[in-house]
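Worksheet: the structure to be examined is printed underneath.
The structure presented is a predicted model; accordingly, all values stated were derived computationally and were not measured.
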Amino acid sequence: MTARDPLGRFVWYDLMTTDPDKAMAFYTQLVGWGTKPWEGGDTPYTLWTANGVTIGGVMHLPEDAVKGGAPPHWLGYVAVPDPAAAAAKVREMGGGILHPATEIPSAGSFAVLCDPQGAAFAVYAPTEGNDYPPEATARVGEVSWRELATTDHAAAFRFYNTMFKWDKTESMDLGEMGIYQMFGRAGMTLGAMFNKPAEMPGPPFWLYYIRVENADHTAERVKQLGGQVLNGPMDVPGGDRVAQCMDPQGAAFAIHSSAPYS
């Protein structure tokens, strides 16, 4: 596994929204991200930066997606050697292709896919010379956890293990909610999968957690800036604090502060 082929690593996060300008105002004030325009294509697209590193982008939710009922949402990209081959493999395994493999001039190629349970994700491979930054523990302002709420976490894990060689790490028994199965790669735990309860609306989805200094303070700021706190803040094993939220345009995200926090 080389720097250009870190199979299974999350490498990018896009926000597809109905109002990019208002979304940028929200997240820059909430988590301190910077923004800069991307000049590489015809579609308006703005890059997110955290700690001086580009971590993703924001763009207007495509009209065909709006007509299809897609709400504003975050989309995580996973590294693969060949997005077209990955898309074909997803289809063979019962998943779907939401956007076929496409070249981005001077950047790389990507495809938007969904797993057999219906959760959307993307895959990406850079062009020569556009290697990924070193892999490290998430700092404040970076995505620190990825969570899949699905209808069959065991089947979902088998799918992602085949696609990305993710490993099972720890697990927790959540009682009536079942098992919270964590997963990772290269000795690092990346997130978890679980069966979403009946009262959780919508199809299966990925939720991305942004590391902040203090989840309680940031949750209050979410509300002040026009977003919603859907659950929390609350303790999780190990003493960390998390909260699940929604931005003013309706995209779900979460926040996470490590223990100890102040």
Cation-pi geometry met for Lys168 and Phe157 (6.0 Å, 45°):
yes
Quick one: does any side-chain atom of Lys196 pair with a main-chain N or O of Gly202 as donor and acceptor, under 3.5 Å?
yes
side-chain contact (heavy atoms from CB on, under 4.5 Å) between Ile210 and Tyr208, worked out:
CA-CA 7 Å; Ile210 304 165; Tyr208 301 100; over 6 Å; no
Checking Thr169 side chain against Asp167 main chain: does a donor-acceptor pair fall under 3.5 Å?
no
Between CE of Met200 and CG of Leu230, what distance do you get to the nearest 0.5 Å?
9.5 Å
Short N-O contact, Asp235 and Arg241, less than 4.0 angstrom:
yes
Any side-chain heavy atom of Leu148 within less than 4.5 Å of one from Asp115?
yes
Any side-chain to backbone donor/acceptor pair from Thr46 onto Pro37? Under 3.5 Å, distance only.
no
Has the side chain of Asn51 got a donor or acceptor atom that lies under 3.5 Å from a matching backbone atom of Val53?
no
Can you measure from CE (Met24) to OG1 (Thr17) and round to the nearest 0.5 angstrom?
9.5 Å
Is there side-chain contact between Thr49 and Lys36, with at least one heavy-atom pair below 4.5 Å?
yes
Flag, side chain of Trp48 to backbone of Ile55, donor-acceptor distance under 3.5 Å:
no
Determine, for Glu142 against Arg139, whether the closest basic-nitrogen to carboxylate-oxygen distance falls under 4.0 angstrom.
yes
Go through the steps for Thr150 and Phe194 under the test side-chain contact (heavy atoms from CB on, under 4.5 Å), then give the verdict.
CA-CA 6 Å; Thr150 187; Phe194 68 100; over 6 Å; no
Counting C-beta onward and ignoring hydrogens, is there a side-chain heavy-atom pair between Leu47 and Thr35 closer than 4.5 Å?
no
Exam field: side chain Ser171 to backbone Gln181, donor-acceptor pair closer than 3.5 Å
no
Verify, without hydrogens or angle tests, whether Asn161 (side chain) and Lys165 (backbone) share a donor-acceptor contact under 3.5 angstrom.
no
Measure the spacing between CG of Asn214 and OG of Ser257 and express it to the nearest 0.5 Å.
5.5 Å
Check against side-chain contact (heavy atoms from CB on, under 4.5 Å), Phe164 and Val80
CA-CA 8 Å; Phe164 303 132; Val80 295; 3.6 Å; yes
Looking only at atom types and distance, does a side-chain atom of Tyr124 sit under 3.5 Å from a main-chain N or O of Val11, one as donor and one as acceptor?
no
Who pairs with Gln249 by side chain to side chain donor-acceptor pair (under 3.5 Å), at least two apart in sequence or on another chain?
none
In terms of heavy-atom contacts, Ala215 and Ile255 come closest through O-CD1, 3.4 Å
Should the ring pair Trp166 and Tyr160 be called parallel, tilted or perpendicular, given that the plane angle runs from 0 to 90° and is split at 30 and 60?
parallel
Are the side chain of Asn195 and the backbone N or O of His153 linked by a donor-acceptor pair below 3.5 Å?
yes
We want to know whether Tyr209 and Gln244 form a side-chain donor-acceptor pair, criterion being a heavy-atom distance below 3.5 angstrom.
yes
Identified side-chain contact (heavy atoms from CB on, under 4.5 Å) counterpart of Arg221 within the set His217, Lys223, Gln224:
Gln224
Side-chain contact test, heavy atoms from C-beta onward, threshold under 4.5 Å: evaluate it for Met16 versus Trp74 and give yes or no.
no
Would you say the side-chain atoms of Tyr13 and Arg146 include a donor-acceptor pair closer than 3.5 Å?
yes
Distance only, no hydrogens: is a donor on one side chain within 3.5 Å (strictly under) of an acceptor on the other, for Asp173 and Tyr180?
no
Can you run down the ring-ring contact (aromatic ring centres under 6.0 Å, His included) pairs that involve residues 93-116, sequence neighbours left out, and say none if there aren't any?
His99-Phe110
side-chain contact (heavy atoms from CB on, under 4.5 Å) between Met182 and Met193, worked out
CA-CA 6 Å; Met182 289 170 249; Met193 306 175 185; over 6 Å; no
Trp33 vs Tyr27 aromatic rings, parallel, tilted or perpendicular, using cut-offs 30° and 60°?
parallel
